[in-house]
Structures are given as C-alpha cells and as structure tokens.
Amino acid sequence: MKIKRNRVILTMILLGVVMTLFSAALNTMSYRKLQADTVVHSGVLNTTSAVRKMNYALSFGKPINKFYGLTDIMEGIAALSTDIIGVEVTDSKRERVEAIGDIDEPVRRTTPDEEYVIRSDGLYAFVDFDGGEMILKFDKESVEAATREYLEYIARVSLAVMLTVIIAAFASCFILGGEELTVKRMRITAIVILVASQCLLGTFSMMKVSSAFDTSLDKIAIMTARSVENDINEVINKGVDYDEFTGLEEYLEDLSLNIPEISSMEIMTEAGSDGDENKCINIDVQNKDGINLNCNYSIDYINRKKINNAIDIIILILIAIFMSLETIKFLTNHIEYRDSRREKELYIPGFRLFVFAEGIAFALDSGFFSVFSNKMFDAMNLPESMSFLGGMPNTMFSVAVLIGLFGCGTLINRFGMKKTLIAGIVAGILGYILCAFSPNLPFLIVSRFIFGFCDGIIVNAIRLYAASQKNQEMHNRLLVEYMAAINLGVCCGVVIGGLIADVASYAVVFLVGAAIGCLCLFLIFIAHFPEKQENEKGISFFEAVKELRIPQVSIFMIFVVIPLYMASLFVEYTFPLFGDEMNFSNSMVAGLLMANFMIIAYLTDPISEWVTKRMRTRPAMFLYMLFQTLSIGLFVLTSSIWAAILAIIFTSLWDCFGMVVIDSGLDHVEGTVTEQSTLLQMVFGKIAIGIGPIAITSRLNKGAANATGIIVVALVIGLVVYGAAILYFKSKDNRAKEVADNENTK
C-alpha cells in the first residue's frame, strides 16, 4: 500500500511538532524541580549555625518556648537570603512556638523524611533540631523566573528542532522518494526523524540542566560563605578579636560535613582563583580586610548528581520516543488496516491505542502510592503497632479487583464488552478524583477500593475477550498487542506521574490521571469494541474451587502462587518505600520502575520462548522461584541501593519467563481445567497482593529492606514445599508407572 508524498510530509511534520511540544513540557517540569531543589537546599544552609546554637542551649534542659534570643536567631536566618520570607519554630508536638515574616498558615511535613513541599503561596522547607522543627517559607519568584528563562531557551531549541523535522521530512520524501511512499517506508522514515529530533532536543536540554547545576553549586558556596561571615561577626560583636579566634578549622570542618556539595573549606588572606573544583568568596569580617572563604567542591558527589540529572533527561527522552513510536504505529496500522476492516470487527490500531492510553492513565501513581498512603497514616499520629493500616489502601484495591474479577464475565455477558469497559474506566476516573481530595487515610481506603474496580474489570475483560476469539491467530494477536501496549503505557505513566508529583503534588497526579481516563472513554469507541456478546459465559468460581481438592493444585496455589505474587510487590510497593528512605526523587524512582516494564515489554517473547522450548514446566517454575528468592534476598541482606537496582533488573528478567510458565503450571495435573486453574491463580494472586502490603507495612519501622524480608520468607517456604512436592509426586508417578508396566508384562 502506498501513500501520497504530501500526506506523508504533513503527517511527519504534525507528529514532530506535537512530540516536540510534549517533550519540552516534560523537560520544563523537570527543570522547575531542579530550581526548587536549589532554592530550598541553599536556603536551608542558613539554618546550620542556628540549629547548632539552639541544640547547645536546649542541651541544658531549657524548653524551646523559654529559649532566650529565639527571635533574633530567626531574623538572622531570614536576613541571610532574600528568598526566605518567613520562619516558624515548633516544639516536639509540632505546635507553633514563634513565627516571623509571611508565614501565617501552619504547614507541617507528613513524614520525618520530607524535605519540602510546594504550595501555591511558596515553598515550605523543614529543618529538625533537638527540641522541635523549623519551617522556612521561600518565595517562589526565583524559581518561576528561572523557569521562565528556561521556557524561552527551550522554545528556541524546540523551534530549531521543528525546523529540522520539516527539512528532514521534505528531504526524505523528495530526494529519496517518489510521488508516493509505501507504508513501511513512511514508518521507518518517521521513526528515524522523530527519534533523532527527540535526542537532539534532549541533548540541548541536558546542556542547560548541567549549566544550571553548576550555577546552583556556586549559589550554595555563596550561601555558605554568608553563613560563615555571619557567625564570625557574631563572635566579634561579643568582644573577641578575629586574631584571637581558636577552633576555626574545626568549625569549618564540622560545617562542611553538613553540606554534601562541599568537601572542605578554608579561610584565606589572599583571594584564590575560581575553578571547576573550588570557589573563593570574599567575606566581610569586621575590622579585617582581605578575608576569603575557599570552598572545595566534593567531586564524587557532584559527579553522582550530574549522572542522576543525565538519567532524568534520558528517561524523558525515552518517554517522548515511546509516545512517538506508538503514535506512528497507530497511524501506519490504521492505513494498512482501513481497507480490510470489517464493520463489526475490533479495530486493532484503536485497541492498541486504548490499551496504551489506559496504561498511562492508571499507572501515574504507581511510583509513589505506597509512600503516599503511609504519609496519610503518619498524619493520623496513630501508634506504631497500627502501622499495617498504611497498607490498607492497597489491600482494599486488591479486594475490589477480586470483586471485579468475579463479576467481569457476567457484565460482559449481560451488557457487552463496550459498556463493561466504560464501567471500568468510570470507576478508575471516580477513584482518582476521590484520591485527589482524600482528607485522611479512611477516605483514601474507600477511594482506592473504588479505583480497584477499574483494574478488576478492564484487565480481566480484555483477557476474557481475547480468550473468546475462535480464531487462534486473532487470539494471539490481541494478547501480543495488549502486553506490548500496556507495558509501554505503564513505562510512560509511572515516569510522568513521578515527575508531576515532584513539581506539583500527588493530588495533581490523580487529577491528570482522571483527565487521561476521560480520553480512554473516547478511545473505547475508536477501538470499536462490540456492543453486545451473547456467547460469553460468566466464570464459575465454585467450579474452580472444586479443583482445590486435588493436592497438587492446593500446594501450587498456596506455596507457589501466593509467594510469587507477593514477590511482585517488591517492584511497585516496597521499592518506592526504599527510594523514599534513600531520598530518591519521585521521578528517579519512576525511572527505575520504568526499567522493569521495559524489560518485560521487550524481552518476554524471546526469553519465554527460549525457556519453554528447553525446560519442562515444573523445573522452570522451581528455578523461577529460586531466582526470585536470590534476587530479592540479596537486597534484604545488604539494604544497599545497588542491590535494589539489581533486584529490579533481575526480577524483571525472571518475570519474562516466569509469568508465562505459571499459567501452565498445572497442565500436567489430571482433573484440572485451564480456565478454572487460571481463575484460581488470579484469585490467590490477588489475595497475596492484598495481604502483602499489610505484612510489609507492619514491619516498616525496621526499614523497607527489612520489611521486604517477609517476601523472602514466603518464597523460601514455598520453594522448599514445592521442591519437596515435585520430588514426591514425581516419585509417585514413577511408582505408578512401574506398577502399570509390571501389569502389562504379566
């Protein structure tokens, strides 16, 4: 099939413009977060000396509300930076002791690790001291000004990229093509042009971010110098001459320990030259001229931060590329499919686009929801013994998924596929809206329960629809399109959601998800799902339960399915909690989770094919459990960042063949029906996912890595029992075979 040249050019130009604008928007959000981090971090440095003084005074037993000179200390902090417009001090009960400046509304952190929050009226940063907490309110104008400057820069770059796309589109069609181009030629050309344009835009964005990071280092050094200057002059005002100072080196060494960007500081009487590894700042010491502070940067820390920044940009480039590829695939598939399409047949390009959009919409909160629900728990100030409540939103989500699973077949049979999917999407939209406005944990639990129907209905409805296809080729195609589109959609959704959470709030993420969910409603009609299906039968749960009377089925469900589904919680539940402990940004956590979905999306087909051709089901299942145990166990034992990242990668690789093998885990057992076994597997899997968060959060006070140990324990027990069962039933089968052979010989 061929397409006219002018239409190809117009299509590529439109795609280039849309994707460039989309990528620019993502990069702008990322840059705004970098600027907010810089303002807060450099401003918090002003409190270092103040916190030291307050801790020293409070060490004698004086309560914070009786601390003499507290107002002077707070005013001194505010005077050091024009960005600080208010300072508040609270006691250990988080009640206000004193406040200065524009900080009328009380704003409190929801967890001890929360560094700052962004509100409409400013940035609020939190600093701990022995007797309570200090809250700094920063003016957002410097952040907004830097963001506006970046917008101007990225607009110029985007314009240049768009012009490049236009030139490349004309060149590829006029120079290398004729009056018409084939669909394959159009697809390849569009992919090359769009991928190259996104890489070009990402490169310029990375250069700007690197320059902004270097500027932030200098700002931190300057703020540190002002803090040192203030401390020295305060001592001089008490009657001590500068030449009589003692312990100045120890003071600078102690101060540098609290500033990760600076490895050491030294006072110099001669101005040094600024370089890549240091910055020399003149400080105004009373009655003394020519005093300079030389700040030596921590190169290792700075390199790690630059790598992190580069990873953030690369992730955003990948997201834009994924979006471009899916759009191109939709358009070219549409062109190929339109002539052979039947009126009442599912529209495959629309189906894939719907699944991709649904994956984005309902995975936006995957990278942070476990953290968010535990913050809700912390805000209730309940005793630690009730920490399991932090996992209840996830548990109720799983309960709703189970209910949706049981009723899905009946809904399709009675109302048809289209109306069933609409009901699922509406449940997701409503659940997201309620999550956005949840004032407390109980409300969030109810909201998540409603949201659970979305997953319970949509995922299972599509699986049932694929299973209902009499044409095996159509059945396989639907499953392949579904797995590829859903995993790529989740890749994009989890990163976009994490980025929005960093620059805005969790509530905004939920509202954006609801908006994309509304788009999914429209795409249901584009996909042309059937209105009514008379031949579908509801799933019989009671028939499936009868299979549990077979010992091999019971062992498989309890000691294989439950541990392995609990193991799946490591990626989407405990890893975000661990990332929160390590002070990872939401976008960084989301980026690492994206690696999981990418591996599964692209490697499931080749890896599962290789394993299933070379291994039988039972040994493959045993190895799957063993590999999962070793991967997650390494993380639990070491509690290290690198072990966590390796566990993410390895568990994804094992899932590529394990999730395929587990579906056929009972095929060798007589008396089982595949459909009923699959239903039991889904039920027991959801039970595991429902119990898992409660079991993990009940141990969360020991750290996310230790809390994950409950998963390893479940895997080890399952591994031992399943291994013993394999040997026992294999031995039993061999004996039965020997008896049968002996009878035949007689």
Side-chain angles (χ1 to χ4, degrees), residues 346-347 350-366 369 393-436 446-469 478-479 481-483 485-487 489-490 493-494 497 509-533 536-539 541 572 678-679 682-683 685-686 689-690:
L346 181 73
Y347 180 44
F351 168 77
R352 182 182 174 106
L353 193 62
F354 163 73
V355 173
F356 180 67
E358 178 247 322
I360 294 175
F362 301 117
L364 287 175
D365 62 346
S366 297
F369 188 80
N394 293 73
T395 297
M396 295 308 297
F397 170 84
S398 297
V399 171
V401 170
L402 277 174
I403 297 174
L405 167 64
F406 295 146
C408 189
T410 303
L411 287 173
I412 293 176
N413 188 42
R414 178 169 297 182
F415 300 107
M417 186 69 178
K418 182 180 292 185
K419 291 180 181 178
T420 300
L421 289 175
I422 289 174
I425 295 293
V426 169
I429 294 171
L430 180 60
Y432 259 158
I433 293 173
L434 292 175
C435 284
V446 175
S447 304
R448 204 61 177 176
F449 178 77
I450 295 173
F451 181 80
F453 286 107
C454 174
D455 187 68
I457 292 175
I458 294 176
V459 174
N460 296 296
I462 292 176
R463 288 184 66 177
L464 284 175
Y465 183 75
S468 70
Q469 303 301 310
L478 285 179
L479 288 179
E481 294 285 353
Y482 174 76
M483 290 302 297
I486 194 68
N487 279 290
V490 171
V494 73
V509 177
F510 295 131
L511 294 176
V512 170
I516 301 177
C518 293
L519 174 63
C520 292
L521 288 175
F522 172 74
L523 292 177
I524 288 176
F525 293 92
I526 297 294
H528 206 275
F529 286 103
E531 293 282 354
K532 185 76 174 177
Q533 286 177 235
E536 308 301 339
K537 294 182 180 179
I539 298 176
F541 175 70
E572 292 189 39
T678 301
L679 173 61
M682 295 168 69
V683 170
K686 293 305 178 183
I689 293 175

task: Given side chain to side chain contact (heavy atoms under 4.5 Å, CB included), test Ile689 with Val401 step by step and report yes or no.
output: CA-CA 10 Å; Ile689 293 175; Val401 170; over 6 Å; no

- prompt: For Val426 and Phe453, what are the C-alpha separation, side-chain angles and deciding distance, and is it a side chain to side chain contact (heavy atoms under 4.5 Å, CB included)?
  reply: CA-CA 9 Å; Val426 169; Phe453 286 107; over 6 Å; no

query: Would Phe525 and Tyr347 satisfy side chain to side chain contact (heavy atoms under 4.5 Å, CB included), going step by step from the backbone distance to the final call?
result: CA-CA 10 Å; Phe525 293 92; Tyr347 180 44; over 6 Å; no

field: Trace of the side chain to side chain contact (heavy atoms under 4.5 Å, CB included) decision for Ile403 with Phe449
entry: CA-CA 10 Å; Ile403 297 174; Phe449 178 77; 4.0 Å; yes

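Ile425 and Gly517 make their closest contact through CG2-O, 3.3 Å (heavy atoms, listed as atom of the first residue, atom of the second, distance). The nearest pair of heavy atoms linking Cys520 to Ala361 is SG-CB, 4.4 Å. Residue Gly350 comes nearest to Ile526 through the heavy atom pair CA-CG2, 4.1 Å, listed as atom of the first residue, atom of the second, then distance. Taking every heavy atom of both residues into account, Leu523 and Ala357 meet most closely at CD1-CB, 3.5 Å. The heavy-atom pair separating Cys454 from Ala427 by the smallest distance is N-CB, 4.0 Å. Across Gly359 and Ala363, no two heavy atoms sit closer than the pair O-CB, 3.1 Å.
Put simply, the side chain of Asp365 reaches to within 4.5 Å of the side chain of Arg448, judged on heavy atoms. Inter-residue side-chain proximity for Val509 and Val512 is flagged as unmet; no heavy-atom pair is nearer than 4.5 Å. Two residues are said to be in side-chain contact when any heavy atoms from C-beta on lie closer than 4.5 Å; Phe529 and Phe354 meet this criterion. Here the side chains of Leu364 and Ile516 are in contact, with some heavy-atom distance below 4.5 Å. A heavy-atom distance below 4.5 Å is not found between the side chains of Ile457 and Leu421. Within the 4.5 Å cutoff, the side chain of Ile486 has no heavy atoms near those of the Ile462 side chain. Using a 4.5 Å heavy-atom cutoff, the side chains of Leu434 and Phe451 are not in contact.
Ring orientation note: the planes of Phe362 and Tyr432 are close to parallel, at an angle under 30° on the 30°/60° scale.
Of the inter-residue distances, the one linking Lys419 atom NZ with Ile524 atom CD1 reads 13.0 Å to the nearest 0.5 angstrom.
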